[in-house]
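Some notes on the structure that comes next.
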Protein chains: 2
Amino acid sequence: MAPNTADQIIDETIRNSGLRVTRQRRAIYRVLSDAEDHPDAPEVHKRAQASDLKVSLATTYRTLAELADKGVVTRLTLEGEPTRFETSDAPHHDHIIDLESGEVVEFLSPEIEELQRQVARQHGYEIVFHRLQLYCRKKT
Amino acid sequence: MAPNTADQIIDETIRNSGLRVTRQRRAIYRVLSDAEDHPDAPEVHKRAQASDLKVSLATTYRTLAELADKGVVTRLTLEGEPTRFETSDAPHHDHIIDLESGEVVEFLSPEIEELQRQVARQHGYEIVFHRLQLYCRKKT
DNA sequence: GAATATTTGAGAATCATTCTAAAGTAGCTT
DNA sequence: AAGCTACTTTAGAATGATTCTCAAATATTC
């Protein structure tokens with residue numbers, strides 16, 4: 001078996017972020033890694049339980065916060081709902097939120113990204129991170 | 001005295017949004033109207049108390065939510081802090097957040113606005129509202 | 001001014017999230 | 001592989017933000 005199984009990559013990711021590798025952190029990161037959607041903390045917790053190993057809800061919250069602070073996962077804070085999470089391994093993107101279905105679509109606009117930098121610069125700032133969310137309805 | 005005092009405009013604004021005009025709603029809207037910054041609900045409550053009339057915290061939350069739902073005030077939901085509010089009477093704008101000082105700067109980029117519409121359209125959506133926040137540090 | 005539908009207030013309740021202290025474990029060191 | 005030590009986890013308590021409950025107060029309608 002080659003040395004780069006998905007599991008090993010997960011372990012490395014955790015270790016590289018400066019945290020010890022534990023059963024629980026592995027489980028939580030794996031849930032996010034496998035997720036097609038953007039689950040919130042209780043949902044991550046539920047999936048971790050369901051799939052393999054037991055993790056407490058407190059650890060789920062703590063670990064997600066740690067990983068987010070390390071930059072390994074990203075917080076998705078939508079209007080009026082609990083914080084959701086996604087891995088940071090995908091290239092940067094922003095979000096379209098379908099107000100009817102709740103569906104979240106990812107998109108990237110290099111033009112917008114560049115304009116954002118310009119705007120920030122004009123105000124004497126440089127961007128550390130940003131949030132761009134388009135709350136939409138299906139076009140008629 | 002002309003019929004358009006600030007107070008009368010406030011009353012109209014509330015009435016036009018389909019709500020009855022009450023002492024409390026007036027007070028809350030006035031606080032926001034007078035605010036130079038972007039206060040959260042407890043802060044609005046405090047200022048209402050301080051300035052003139054008594055309003056309960058529950059009513060403050062309820063009224064801000066009502067006015068936001070009616071579109072008369074706008075929620076400003078920043079990363080990791082309680083929801084803040086601003087009146088919707090100012091022209092639309094987005095926000096730069098100074099991560100060090102917490103200062104919030106307003107800006108508007110018609111180019112970005114247009115690109116957002118294009119992106120939405122490309123995905124078959126039309127924008128109902130959006131959030132764009134640039135979390136920044138002062139440029140060195 | 002009386003009738004009716006809304007609105008308010010105080011505190012309880014809820015929801016999301018963080019904290020606490022005790023018990024468990026990762027990863028060096030030998 | 002056993003010991004050591006610092007880092008982690010856990011369950012439940014605690015906190016913080018916000019919403020709910022329903023009786024009392026009040027805005028509009030007649």
Side-chain angles (χ1 to χ4, degrees), chain A residues 7-8 10-32 38-49 52-70 72-85, chain B residues 7-8 10-32 38-49 52-70 72-85:
Chain A
D7 288 327
Q8 286 175 329
I10 289 177
D11 283 14
E12 267 172 46
T13 305
I14 295 170
R15 204 184 315 275
N16 288 342
S17 76
L19 298 172
R20 288 187 179 175
V21 177
T22 65
R23 181 171 56 74
Q24 293 88 337
R25 285 175 179 156
R26 238 190 309 249
I28 287 164
Y29 188 82
R30 170 169 276 295
V31 166
L32 274 191
H38 308 81
D40 61 13
E43 178 64 23
V44 170
H45 176 239
K46 192 165 63 177
R47 292 186 198 177
Q49 306 288 33
D52 47 355
L53 297 154
K54 266 170 270 172
V55 193
S56 71
L57 182 57
T59 295
T60 305
Y61 271 105
R62 186 167 4 81
T63 300
L64 287 169
E66 285 165 350
L67 294 176
D69 291 347
K70 300 295 186 183
V72 173
V73 311
T74 302
R75 279 181 247 256
L76 177 57
T77 313
L78 300 183
E79 189 86 39
E81 46 174 279
T83 301
R84 305 181 184 202
F85 298 86
Chain B
D7 287 328
Q8 286 176 327
I10 289 177
D11 283 14
E12 266 172 47
T13 305
I14 295 169
R15 203 183 316 275
N16 289 341
S17 76
L19 298 171
R20 289 187 178 176
V21 176
T22 65
R23 181 170 55 74
Q24 292 88 340
R25 285 175 179 156
R26 239 191 308 249
I28 287 164
Y29 188 83
R30 171 170 276 294
V31 166
L32 274 191
H38 308 81
D40 61 12
E43 178 64 25
V44 170
H45 176 238
K46 193 164 63 177
R47 292 185 197 177
Q49 306 288 32
D52 47 356
L53 296 153
K54 265 170 270 170
V55 192
S56 71
L57 183 56
T59 296
T60 305
Y61 272 106
R62 186 163 0 87
T63 300
L64 287 170
E66 286 165 348
L67 293 176
D69 291 346
K70 300 294 187 182
V72 172
V73 310
T74 302
R75 279 180 248 256
L76 178 57
T77 313
L78 300 182
E79 189 86 40
E81 46 174 280
T83 301
R84 306 181 183 200
F85 299 86

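Proteins come first, then strands; the chains are lettered A, B, ... in the order of their sequence lines, and each starts at number 1.
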Pairwise distance CD1(I10(B)) to CZ(R15(B)) - rounded to 0.5 angstrom = 13.0 Å
Could you grab the distance from atom OG1 of T77(B) to atom CD of E79(A), nearest 0.5 Å is fine?
-> 4.0 Å
To the nearest 10 degrees, the angle between the two end axes of the helix from dG1(C)-dC30(D) to dT30(C)-dA1(D) (five pairs per end) comes to 40°
Pairs under 3.5 angstrom, nitrogen or oxygen only, protein versus nucleotides 27-30 of chain D, please.
from: dA27(D); atom 1: N3; to: R20(B); atom 2: NH1; distance (Å): 3.1
from: dT28(D); atom 1: OP1; to: R15(B); atom 2: NH1; distance (Å): 3.2

State, with a plain yes or no, whether a side-chain heavy atom of N16(A) is found less than 4.5 Å away from one of K70(A).
-> no
Does a side-chain heavy-atom distance below 4.5 Å link D7(B) with R30(B)?
-> yes
Listed by chain and number, what are the salt bridge (charged side-chain N to carboxylate O under 4.0 Å, His left out) partners of E81(A), not counting sequence neighbours?
-> R84(A)
Can you list the residues that meet the salt bridge (charged side-chain N to carboxylate O under 4.0 Å, His left out) rule with K46(B), with sequence neighbours excluded?
-> E43(B)
The side chain to side chain donor-acceptor pair (under 3.5 Å) partners of S56(A) (sequence neighbours excluded) come to T59(A)
List in chain and number order the residues that pass side chain to side chain donor-acceptor pair (under 3.5 Å) with T13(B), two or more places apart in sequence or in another chain; answer none if no residue qualifies.
-> none
Round to a whole Å and report the spacing from CD of Q24(A) to P of dT9(D).
-> 5 Å
Would you mind writing out the side-chain donor-acceptor pairs for residues 18-28 of chain A within the sub-3.5 Å range, not counting sequence neighbours?
from: T22(A); atom 1: OG1; to: R25(A); atom 2: N; distance (Å): 3.1
from: R23(A); atom 1: NH1; to: K54(A); atom 2: O; distance (Å): 2.9
from: R25(A); atom 1: NH1; to: R20(A); atom 2: O; distance (Å): 2.8
from: R25(A); atom 1: NH2; to: E66(A); atom 2: OE1; distance (Å): 3.3
from: R26(A); atom 1: NH1; to: D11(A); atom 2: OD1; distance (Å): 3.1
from: R26(A); atom 1: NH1; to: D11(A); atom 2: OD2; distance (Å): 2.7

Contact boundaries on DNA chain C for chain B, cut-off under 4.0 Å to non-hydrogen atoms | dA5(C) to dG11(C)
Partners meeting side chain to side chain contact (heavy atoms under 4.5 Å, CB included) with P82(A) (sequence neighbours left out) = D40(A)
Considering residues at least two apart in sequence or located in another chain, which fulfil the side chain to side chain contact (heavy atoms under 4.5 Å, CB included) criterion with V73(A)?
-> Y29(A), L32(A), L67(A), A68(A), F85(A)
Classify every nucleotide of nucleotides 18-23 of chain D by which part a protein heavy atom approaches to under 4.0 Å, writing B for the base, S for the sugar-phosphate alone and - for neither, in 5'-to-3' order.
-> BBB---
Taken in chain and number order and not counting sequence neighbours, the residues that satisfy ring-ring contact (aromatic ring centres under 6.0 Å, His included) with H38(B) are H95(B)
